[in-house]
Each structure stands twice: as structure tokens, then as C-alpha cells.
Student: 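Structure below; questions to follow.
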Amino acid sequence: SLILRIAGGTVAAWLLYVAGFEVAVRTGFAERVVNRRPHRLAVSFASAHSWFPFWATAAGIDARGQAPRLRWQAHIDQASGWLVPWRLASRRLELTAVKVDGVELSLAGEPRTAPAAESPESTPAALDLDLALPVIPPLAPPPPGPPAVPRWTIGVAGYEATGVREIWIE
């Protein structure tokens with residue numbers, strides 16, 4: 001009957017989706033796609049699963065990135081969220097309803113220019129906090145030449161973070 005065919009087709013499509021996602025993650029294809037520009041963004045994860053289309057969970061996420069004036073690194077124990085599929089056509093990875101647990105984040109800004117010499121009277125006293133800031137090494141330099149394809153952008157619309165252990169801003 002028609003209803004059985006539709007149900008069978010739906011189950012087959014779901015199985016293909018789950019199998020495709022698992023193969024992409026387990027073979028390293030997903031990490032290679034995400035890390036196409038390792039001089040800008042490098043991401044690794046211990047495990048990732050998607051049992052429902054466009055909903056994904058991941059564990060043991062380590063990410064590093066850099067822009068002209070900012071370097072950052074993060075570790076997230078667990079994350080889950082929805083992927084907005086229609087935004088992929090415009091080269092935008094958009095995630096919604098993201099939940100993360102166990103977060104460590106470090107940001108290091110790069111100075112725009114060398115600071116000008118100031119008189120001692122106009123300089124506030126420095127705080128001697130003796131904090132051990134984590135070292136964020138620079139990523140590899142970009143390859144020579146202009147990028148061949150337009151850049152991707154990433155957006156996160158709505159998130160909830162629990163278990164935030166550490167945030168360092170330098």
C-alpha cells in the first residue's frame with residue numbers, strides 16, 4: 001500500500017542519513033571538511049553522532065582559531081544543537097538551540113599598533129595579579145595566493161552553556 005511505501009522510504013532515508021553521518025565522522029572526512037583552512041580554524045572531536053536529521057551531538061571538542069587581531073582556543077566536553085540546512089547553500093554554517101557543557105575558553109588579542117610612550121602620571125598603576133595565562137600558539141601561516149572559493153561564515157543563534165570552568169581573556 002501507499003502508506004507502507006512512504007513509511008519504508010522514510011525509514012530508508014533516515015538509515016542512509018545516519019549511516020552517512022557516522023561514516024563521515026568515523027573516517028575523518030568530517031574533520032577534513034571542517035579543517036579545510038587550518039591556518040584560520042582547526043577543530044577536532046572525540047566523537048560525534050546524529051540520530052535525527054540536522055541534530056548533532058559531539059564530545060571532546062577542541063578548537064583553535066585566529067583572525068588578524070584575535071587568537072582563541074576552546075575545549076568543550078559535550079555539545080548538541082540543530083544545523084540550519086538551507087543556510088548551507090549560501091556558505092553559512094548556522095547552528096541553533098546549541099547546548100554546551102564543560103567549557104574552557106581562552107582569547108588573546110593582538111595589539112593594533114605599538115603603544116605610545118606615556119608619562120608616568122597618566123599611566124594607571126599596573127595590577128600585579130601573577131596569573132598564569134594559557135599560551136595560545138599561532139596556527140600555521142596561510143597558504144600563498146588568494147582563496148579559491150568564497151569564505152564560509154559560522155553563526156550560533158541561541159546557546160546555553162553549563163559547567164563553564166575557565167574563561168581567559170588577554
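Predicted model, so just to flag it, every value in this text is computed and none were measured. Residues: numbered from 1 along the sequence shown.
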Student: Which residues end up grouped with Ile6 if you chain together Ile, Leu, Val, Met, Phe, Trp and Tyr wherever their side-chain heavy atoms are less than 4.5 Å apart?
Tutor: Leu2
Student: Apply ring pair (Phe, Tyr, Trp, His ring centres under 6.0 Å) to Tyr159 and list each qualifying residue two or more places apart in sequence or on a separate chain.
Tutor: none
Student: Looking at residues at least two apart in the chain, or sitting in another chain, which of them share a salt bridge (Lys or Arg N to Asp or Glu O under 4.0 Å) with Glu104?
Tutor: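 Testing Glu104 for salt bridge (Lys or Arg N to Asp or Glu O under 4.0 Å), a comparison that skips the adjacent residues, returns Arg165.
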Student: Rounded to the nearest 0.5 Å, how far does CG of Asn35 lie from CZ of Arg64?
Tutor: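 Separation between the atoms: 10.5 Å.
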Student: Just grab all the side-chain hydrogen bond (donor to acceptor under 3.5 Å, both in side chains) pairs involving residues 6-19, residues at least two apart or on different chains.
Tutor: Tyr17-Ser50
Student: Residues two or more places apart in sequence or in another chain: which of them pass side chain to side chain contact (heavy atoms under 4.5 Å, CB included) with Ala63?
Tutor: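 Listed in chain order: Val43, Trp72.
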Student: Taking side chain to side chain contact (heavy atoms under 4.5 Å, CB included) as the test, write out the residues that go with Ile154, two or more places apart.
Tutor: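 In terms of side chain to side chain contact (heavy atoms under 4.5 Å, CB included), with neighbours along the sequence ignored, Ile154 is linked to Leu41, Leu93.
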Student: Ignoring hydrogens, what is the shortest heavy-atom contact between Ile61 and Ala79? Give both atom names and the distance.
Tutor: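 Heavy atoms only, the tightest pair is CD1-CB, 3.7 Å.
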Student: Using the test side chain to side chain contact (heavy atoms under 4.5 Å, CB included), find all partners of Ala13 that sit at least two apart in sequence or belong to another chain.
Tutor: none
Student: Honestly curious: do Ile169 and Leu70 fall in one hydrophobic cluster under the side-chain, below-4.5 Å linking rule?
Tutor: yes
Student: Tell me whether Leu88 shares a hydrophobic cluster with Val84, the cluster being built from Ile, Leu, Val, Met, Phe, Trp, Tyr side chains joined at under 4.5 Å.
Tutor: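 Each belongs to a different hydrophobic cluster.
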Student: Determine the minimum heavy-atom distance between Ala67 and Arg40, stating which atoms define it.
Tutor: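 Scanning both residues completely, I find the closest heavy atoms to be CA-NH1, 4.0 Å.
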Student: Taking all non-hydrogen atoms of both residues into account, name the closest pair between Ala24 and Thr27 and its distance.
Tutor: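 Scanning both residues completely, I find the closest heavy atoms to be O-OG1, 3.6 Å.
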Student: Shared ILVMFWY cluster between Val18 and Val11, side chains joined below 4.5 angstrom?
Tutor: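 In one cluster: yes.
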Student: Clusters formed by hydrophobic residues whose side-chain heavy atoms approach within less than 4.5 Å: which one holds Leu16, and what are its other members?
Tutor: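 Taking Ile, Leu, Val, Met, Phe, Trp and Tyr as members, Leu16 stands alone, with no cluster partners.
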Student: Going from CZ on Phe45 to CD1 on Ile76, what distance comes out if it is rounded to the nearest 0.5 angstrom?
Tutor: 12.5 Å
Student: With rounding to the nearest 0.5 angstrom, report the CD to OG distance, Glu166 to Ser106.
Tutor: 6.0 Å
Student: Supply the atom-to-atom distance Phe54 CZ to Leu83 CG, rounded to the nearest 0.5 angstrom.
Tutor: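 So the gap between those two atoms works out to 6.5 Å.
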Student: Examine Phe29 and Val23 and state if one hydrophobic cluster contains both, with Ile, Leu, Val, Met, Phe, Trp and Tyr joined whenever side-chain heavy atoms are less than 4.5 Å apart.
Tutor: no
Student: Other residues, nucleotides and ligands only: do more than 12 of their heavy atoms fall within 6.0 Å of CD1 on Ile3?
Tutor: no
Student: Determine which pairs satisfy ring pair (Phe, Tyr, Trp, His ring centres under 6.0 Å) with at least one residue from residues 77-99, sequence neighbours left out, and list them in order.
Tutor: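 For residues 77-99: Phe52-Trp82, Trp55-Trp82.
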Student: Can you give me every donor-acceptor pair (side chain of residues 95-102, partner residue at least two apart or in another chain, under 3.5 Å) with its distance?
Tutor:
| residue | atom | partner | partner atom | Å |
| --- | --- | --- | --- | --- |
| Asp101 | OD1 | Thr162 | OG1 | 2.8 |

Student: Give every residue pair that meets the salt bridge (Lys or Arg N to Asp or Glu O under 4.0 Å) criterion with at least one member in residues 23-32, sequence neighbours excluded.
Tutor: Glu22-Arg26
Student: For His75, what residues pass the ring pair (Phe, Tyr, Trp, His ring centres under 6.0 Å) criterion, not counting sequence neighbours?
Tutor: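 Residues passing ring pair (Phe, Tyr, Trp, His ring centres under 6.0 Å) with His75: none at all.
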Student: Can you tell me how far the CZ atom of Arg92 sits from the CZ atom of Arg87, to the nearest 0.5 Å?
Tutor: 5.0 Å
